[in-house]
K.L.:
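Just passing along the structure, written as structure tokens.
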Amino acid sequence: MAYICSLASGSGGNALVLSCGSTHILLDAGISCLRIKKGLAQLGLIPEQLSAVLITHPHSDHTGGLATFTKQYSVPVYASLAAAEALALQIPSVLPRLRCFAAGDAFEVGDVLVQSFPTHHDAPGSVDFRIDGEGFSFGALTDTGIITEAAAELLPGVDTLLLESNHDVAMVQTGPYPYHLKQRILGDRGHLSNETAAAFAAEAVARGTRQVILAHLSRDNNTPARAEAASREALMGRGELYIAPREDLLRLDLREGANTLCKR
């Protein structure tokens with residue numbers, strides 16, 4: 001069986017599990033170690049079974065649980081060279097666990113091939129990943145202000161795509177955030193809007209993607225209904241569309257497309 005399960009998604013914290021046979025990967029650790037353990041337990045896993053932790057970038061909503069986790073468990077932590085350097089300064093306990101790679105490198109973790117690619121975000125060494133295993137392909141694109149060339153080349157057509165749909169532009173422009181923060185969100189090193197995500201989702205589905213999960217929705221500058229409406233209009237009835245919850249678990253079978261929403 002191969003599946004992904006979003007443990008949390010949003011500005012409050014991000015973590016996702018990909019499981020394929022005996023290979024289990026944690027993608028980001030932006031929630032507490034306790035929440036990670038509870039999420040794994042709901043999947044019938046324990047932290048010692050993890051093959052790797054993949055880190056996209058060293059912002060706290062993607063690394064917030066990493067300090068405690070790396071003190072308790074000897075799971076390898078993969079990060080790009082620049083991200084690893086930042087992590088080593090922020091979280092000394094991660095040093096013995098670090099496995100560094102250059103953005104754009106591919107490497108094997110257990111039974112899957114992980115392809116990294118650079119994203120466009122205001123964090124050192126920011127990357128995302130495409131993961132291929134027997135009978136499935138999965139791609140993630142969050143925390144980027146633009147669709148990079150690498151993302152446009154690697155992700156359309158993957159079976160399952162986790163895609164940032166962070167904000168509604170009008171809500172950002174008219175909302176209470178200070179000007180500099182609005183500029184950051186809307187800038188090319190910020191986050192993807194609903195409209196940009198919808199257009200990329202449509203391109204991915206047109207090239208064979210079956211499942212799109214909208215992720216990293218802003219609590220203050222978006223709503224699930226707005227994000228979903230933008231992508232549904234662009235998809236025109238093609239593909240399966242899901243929203244990654246902030247708190248609950250969303251599990252998708254990578255080969256069959258069935259999903260389960262689990263309350264904590």
Side-chain angles (χ1 to χ4, degrees), residues 6 8-16 26-31 53-67 77-92 94 98 100-105 115-130 139-155 161-200 214-222 227 244 246:
S6 174
S9 179
S11 54
N14 298 271
L16 178 143
L26 180 66
L27 176 56
D28 283 330
I31 55 178
V53 179
L54 305 183
I55 297 297
T56 58
H57 63 288
H59 281 170
S60 62
D61 58 327
H62 295 259
T63 62
L66 196 58
V77 176
Y78 289 79
S80 72
L81 292 166
E85 185 175 336
L87 284 174
L89 294 174
Q90 296 170 6
I91 309 171
V94 81
L98 274 176
C100 301
F101 60 85
D105 281 355
Q115 173 70 60
S116 69
F117 59 91
T119 52
H120 214 250
H121 197 48
D122 56 354
S126 181
V127 299
D128 265 312
F129 303 97
R130 171 174 173 152
L141 181 63
T142 70
D143 295 84
T144 186
I146 60 172
I147 305 293
T148 63
E149 291 184 9
E153 178 182 343
L154 286 170
L155 297 184
L161 174 64
L162 182 85
L163 177 62
E164 175 174 70
S165 189
N166 176 258
H167 60 271
D168 176 273
V169 173
M171 287 183 70
V172 176
Q173 292 172 335
T174 61
Y177 281 14
Y179 178 77
H180 75 274
L181 187 52
K182 292 181 180 183
Q183 292 299 103
R184 174 189 177 267
I185 293 168
L186 298 173
D188 64 2
R189 291 193 178 275
H191 294 276
L192 296 181
S193 69
N194 290 342
E195 292 73 21
T196 302
F200 190 62
L214 302 181
H216 213 301
L217 275 64
S218 168
R219 187 184 299 274
D220 299 318
N221 297 302
N222 207 357
R246 291 190 180 93

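Quick caveat: nothing in here was measured; it's all calculated off a predicted structure.
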K.L.:
Closest approach of Leu217 and Ala227, non-hydrogen atoms and distance?
P.N.:
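Here Leu217 and Ala227 meet closest at CD2-CB, 3.8 Å.
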K.L.:
Tell me the closest heavy-atom pair linking Phe117 and Ala151, and the distance in Å.
P.N.:
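Smallest heavy-atom distance, with atoms named: CE1-CB, 3.7 Å.
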K.L.:
Under 3.5 Å, is there a donor-acceptor pair between the Asp143 and His62 side chains?
P.N.:
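Distance-only check passes for Asp143 and His62.
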K.L.:
Are the side chains of Leu192 and Leu163 in touch, meaning some heavy atoms are under 4.5 Å apart?
P.N.:
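Yes - at least one pair of side-chain heavy atoms lies under 4.5 Å apart.
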K.L.:
Could you label the plane-to-plane angle of the His216 and His191 rings as parallel, tilted or perpendicular, counting under 30° as parallel and over 60° as perpendicular?
P.N.:
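Because their plane-to-plane angle lies in the 30° to 60° range, the rings of His216 and His191 count as tilted.
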K.L.:
Let me see the working for Thr56 and Asp28 under side chain to side chain donor-acceptor pair (under 3.5 Å), right down to the final yes or no.
P.N.:
CA-CA 7 Å; Thr56 58; Asp28 283 330; 2.9 Å; yes
K.L.:
Got a second to check how far Asp188's CG is from His121's NE2, nearest 0.5 Å?
P.N.:
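Between atom CG of Asp188 and atom NE2 of His121 there are 12.0 Å.
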K.L.:
Between the side chains of Ser126 and Thr119, does any donor sit under 3.5 Å from an acceptor?
P.N.:
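Per modelled atom types, Ser126 and Thr119 side chains form a pair under 3.5 Å.
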K.L.:
Between Ala197 and Glu164, what is the shortest heavy-atom contact and its length?
P.N.:
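It is CB-O, 3.2 Å.
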K.L.:
Are Leu66 and Ile55 packed together at the side-chain level, in the sense that at least one heavy-atom pair is separated by less than 4.5 angstrom?
P.N.:
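A side-chain contact under 4.5 Å exists here.
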K.L.:
Which distance, rounded to the nearest 0.5 Å, do you find between the CZ of Phe129 and the CG of Leu16?
P.N.:
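Going from CZ on Phe129 over to CG on Leu16, the span is 12.0 Å.
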K.L.:
Of all heavy-atom pairs between Ala140 and Asp128, which one has the smallest distance, and what is that distance?
P.N.:
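For Ala140 and Asp128, the tightest heavy-atom pair comes out as O-CB, 3.1 Å.
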K.L.:
For residues Thr148 and Pro118, report the shortest heavy-atom separation together with the two atoms involved.
P.N.:
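Answer, listing the atom of Thr148 first, then Pro118: OG1-O, 3.3 Å.
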K.L.:
If we ignore hydrogens and angles and just use 3.5 Å, is the side chain of Arg246 paired with the main-chain N or O of Ser218 as donor and acceptor?
P.N.:
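Confirmed, Arg246 side chain pairs with Ser218 backbone.
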K.L.:
May I have the list of side-chain donor-acceptor pairs in residues 77-87 shorter than 3.5 Å, sequence neighbours left out?
P.N.:
{"from": "Ser80", "atom 1": "OG", "to": "Ala83", "atom 2": "N", "distance (Å)": "3.4"}
{"from": "Ser80", "atom 1": "OG", "to": "Gly125", "atom 2": "O", "distance (Å)": "2.7"}

K.L.:
Mind checking the CD1-OG1 spacing from Ile31 to Thr63? Nearest 0.5 Å is all I need.
P.N.:
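Between atom CD1 of Ile31 and atom OG1 of Thr63 there are 12.5 Å.
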K.L.:
Could you work out, with side chain to side chain contact (heavy atoms under 4.5 Å, CB included) as the rule, every residue matching Arg189, not counting sequence neighbours?
P.N.:
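For Arg189 the side chain to side chain contact (heavy atoms under 4.5 Å, CB included) partners, ignoring immediate neighbours, are His120, Asp122.
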K.L.:
How far does CD1 of Ile147 sit from CG of Leu141, to the nearest 0.5 angstrom?
P.N.:
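Reported to 0.5 Å precision, the distance equals 5.0 Å.
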K.L.:
Locate the shortest heavy-atom distance separating Arg130 from Leu155; write the atom from each residue and the value.
P.N.:
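That closest heavy-atom pairing would be CB-CD2, 4.2 Å.
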K.L.:
Can you list, pair by pair, the side-chain donor-acceptor contacts under 3.5 Å of residues 167-178, counting residues two or more places apart and other chains?
P.N.:
{"from": "Asp168", "atom 1": "OD1", "to": "Ala170", "atom 2": "N", "distance (Å)": "3.2"}
{"from": "Asp168", "atom 1": "OD1", "to": "Met171", "atom 2": "N", "distance (Å)": "2.9"}
{"from": "Asp168", "atom 1": "OD1", "to": "Arg226", "atom 2": "NH1", "distance (Å)": "3.3"}
{"from": "Asp168", "atom 1": "OD2", "to": "Arg226", "atom 2": "NH1", "distance (Å)": "3.4"}
{"from": "Thr174", "atom 1": "OG1", "to": "Ala170", "atom 2": "O", "distance (Å)": "2.8"}
{"from": "Tyr177", "atom 1": "OH", "to": "Asp220", "atom 2": "OD2", "distance (Å)": "2.7"}

K.L.:
May I ask you to test the Asn221-Asn166 pair for a side-chain heavy-atom distance under 4.5 Å?
P.N.:
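Asn221 vs Asn166: side chains apart.
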K.L.:
Roughly how far apart are His59 NE2 and Asn14 CG, rounded to 0.5 Å?
P.N.:
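One gets 12.0 Å once the value is rounded to the nearest 0.5 Å.
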